[in-house]
Amino acid sequence: MLSILLVMIAVAYMLPFAFAVTSSFKSKAEILLSPIALPRSWSVRNYVEAIKRSNFAISLMYSLTITATAVAGITIAGATAGYAIARSHSALSLALLSFFGMSMFVPFQTIMIPLLRTAMSLRIVGSVPGLILIYIGLGCPLAVFLYYNYMRAIPRALEESAVIEGCTHLQVFRHIMLPLARPVTGVVAVLQGLWIWNDFLLPYLILQKPLTIPLNQVYFYHSFNRDWNYIMAMFVLSTVPVILLFLCFQRRIISGLIAGAVKQ
Amino acid sequence: MASRRTRYSTLGLALPALALYSVFFVWPLASGLYLSLTDWNGLAKTCNFVGLRNFAELLGDSLFVSSIVVTLKYAAFVTALQVALGLILALLLSSERIRFRPFLTTAFFLPKVMSAAIISVIWTFLFGNAFRGALGLIGMENTAFSWLGDPDRAIYSLGIVEIWHGLGYYMIILMAGITAIPSDVLEAAEIDGAGLWEKTFHVTLPLLAPTIGVCAILAAANSLRAFEIPFIMTAGGPGFSTTTLAYFIYNTAFQSKQFGYGCAAALYMLAGIMAVTLAQLRIVQRKGVEY
């Protein structure tokens, strides 16, 4: 009995998606007159229009590029720094950890205004590579902590024997430490990937053009304010990639998010 | 000699992270501290040093004070319901007697993977068209009220969106906490004759207290930063009834061009969030000792 009740609640919980999907196939008039009913015909006209009017393909490309590059950058910067701190003397590593730790408490709005000033003086306002660099700078502290914690526990004997064999530190890092720390890389990719893919305010301030998917959705909503049929088609398009990704890697994503929560 | 060179070469590996973090976080934080003491307007090359005037003026700014009240209302509403509902769901979904658990977990967690900006758009639609249509179906269209247009109600309507968005996250953290409770403790309670009710209230919940505390801290810190949902759904209105602190800072800087003033407000926000987080942390730690 309780199971059935919970299933009903869960279905109700997902009704917003159901509304979006059904509305995305209706005409504008149909949405206003019969918002609840199923669409009269399952025409994809709204999707064709929404894709054309919003340049959806371009924003998808930008979102993918920005997220993938920034996550790769965070992984590399975070793993190298985490490794360096794990292998340095205790006083120094403590100092570096607290230096990175400062960012944990600070809400984005506290640095938002001066960050834009910094971006203006570096002339990276409106620049996609600039946005990626900012993401790496803001996203690496969490990665540093996760990698530090993990690599600290890896016995030094492994590296020492590699060094005796003639490996440089970079090679040790690249061929021994990074592969060993693969679980951390998964966690970092999930946490920072979701954050960057979904982020709104930072790209809104830095790019000032509807280049990423969340920006595109919001700009589209503002410029087609009452055309709910197009807006709903756009909503479905915007959420399908991340929902598919979630359904495929559900277990890993959930465990990644839990690991992140416990660390914070 | 060799050991010193080793030390420097490992430290060199920390340079990329240190450089980008310093440029895009530490430097803005430090220059924000300085800008808060000036009347910088965002465009001028120069600005005047005004000391603590911005901080003093903010305390008398009724819009700033109201944005704090709005934010606290929102955060209290969201945090209480996210943690309470998340806990109930986690307890239910951890019970072996419930079927379809993978489906239920996915359903409640799914909104979390989506952008707050994107779900704000769909909820604007739901509050406007869909709910009215649903009430129309049961012949109660006239009783429909404006979810987003009523200044007393709008902030709680936005709270509902935030709760819907984040609830599943706290649910899975709490489920992980429940899984981590050693089964022999629960078995011992069973042998002592404890029923389901007693096991839940006298064993599970006390052992779960630190995890509940972590959830409360995360939920509070998150909802105190509310920006996207009011920005997109209500633009801070009607009136200023949904202008949260984060939104006030945004407006001060980018609408009124009072960047120095906005930096000062942002530092109040930092102090507030740190105070709330540290207070909660102390409570959680004290609770942890009790059991």
Side-chain angles (χ1 to χ4, degrees), chain A residues 2-3 6-7 10 13-14 16 19-20 31 35-36 77-78 80-81 83-85 87-88 96 100 103 105-107 109-115 117-118 133-134 136-138 140-141 144 169 173 194 198 200-201 214 217-218 221 228 231-232 235 238-239 242-243 246 250 254 257-258 261 264, chain B residues 7 9-11 13-14 16-18 20-21 23-25 27-29 31-32 35 92 98-100 103-104 106-110 113-118 121-123 125-126 129-130 133-134 137 169 172-173 176 214 218 225 227-228 232 246 249 253 259 262-263 266-267 269-270 273-274 277:
Chain A
L2 198 55
S3 306
L6 274 171
V7 167
Y13 207 75
M14 292 199 290
F19 268 115
I31 289 180
I36 307 293
T80 45
Y83 174 56
I85 296 173
R87 290 294 178 257
S88 57
L96 284 170
F100 281 112
S103 67
F105 274 120
V106 180
Q109 274 80 11
T110 297
I111 60 154
M112 170 178 74
I113 299 168
L115 177 63
R117 194 171 109 122
T118 308
L133 287 177
I134 298 177
I136 298 174
L138 298 183
C140 67
V144 170
H169 273 279
F173 170 77
L194 267 183
N198 288 332
F200 173 78
L201 185 53
Q217 169 89 48
V218 173
Y221 164 65
W228 284 112
I231 297 169
M232 286 302 122
F235 171 83
S238 305
T239 48
V242 74
I243 289 179
F246 173 66
Q250 187 172 2
I254 288 183
L257 286 173
I258 292 174
Q264 282 163 3
Chain B
R7 204 197 308 164
S9 66
T10 39
L11 268 186
L13 289 174
L18 273 175
L20 288 171
Y21 173 71
V23 172
F24 295 119
F25 180 83
W27 171 245
L29 186 65
S31 60
L35 287 174
L92 285 171
I98 300 291
R99 281 183 294 163
F100 315 115
F103 164 75
L104 293 168
T106 308
F108 289 113
F109 185 77
L110 195 57
V113 299
M114 301 194 313
S115 165
I118 289 177
V121 172
I122 179 130
W123 274 90
F125 172 75
L126 287 175
N129 297 42
L137 268 190
Y169 181 48
I172 58 150
I173 296 174
V214 168
L218 291 173
R225 300 170 190 206
F227 176 81
E228 271 107 337
I232 292 158
I249 295 167
F259 281 65
C263 283
L267 288 172
M269 181 175 177
L270 173 64
I273 287 188
M274 281 182 79
T277 314

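Every chain is numbered from 1 and lettered A, B, ... according to where its sequence line falls, protein lines coming before strand lines. Below, each value reflects all heavy atoms present in this structure, side chains not excepted, and no hydrogens, waters or symmetry copies.
If you look at A:Phe235 and B:Phe125, their ring centroids are not closer than 6.0 Å.
For the residue pair A:Ser3 and B:Arg99, the shortest heavy atom distance occurs at OG-N, 3.1 Å. Residues A:Val106 and B:Leu270 approach most closely at CA-CD1, 3.7 Å, considering heavy atoms. Here the closest heavy-atom approach between residue B:Pro28 and residue A:Leu115 is recorded as CB-N, 3.8 Å. Looking at every heavy atom in both residues, B:Gly262 comes nearest to A:Ile113 through C-CD1, 3.6 Å. Taking both residues in full, the closest heavy atoms of A:Leu138 and B:Phe24 are given as CD2-O, 3.4 Å, listed atom of the first, atom of the second, then distance.
At distances below 3.5 Å, at least one donor-acceptor pair connects side-chain atoms of A:Thr110 with backbone N or O atoms of B:Ala266.
For B:Leu35, the part lying under 4.5 angstrom from a heavy atom of chain A is the side chain only. Heavy-atom distances place both the backbone and the side chain of A:Ser103 under 4.5 Å from chain B. In this structure, chain A has a heavy atom under 4.5 Å from the side chain of B:Thr277, while its backbone stays farther away. At a 4.5 Å heavy-atom cutoff, the contact between B:Leu18 and chain A is made by backbone and side-chain atoms alike. Looking at B:Ile273, the atoms closer than 4.5 Å to chain A (heavy atoms on both sides) all sit in the side chain, from C-beta outward.
Paired with A:Tyr221 under the rule side chain to side chain contact (heavy atoms under 4.5 Å, CB included), one option of B:Ile118, B:Ile232, B:Ile122 passes, and it is B:Ile232.
When the side-chain contact (heavy atoms from CB on, under 4.5 Å) test is applied to A:Val242, the partners found at least two apart in sequence or on another chain are A:Leu194, A:Trp197, B:Val113, B:Met114. Residues forming a side-chain contact (heavy atoms from CB on, under 4.5 Å) with A:Ala10 (at least two apart in sequence, or on another chain): B:Phe103, B:Leu104, B:Ala107, B:Phe108.
The aromatic rings of A:Phe100 and B:Tyr21 are tilted relative to each other, their planes meeting at an angle between 30° and 60°.
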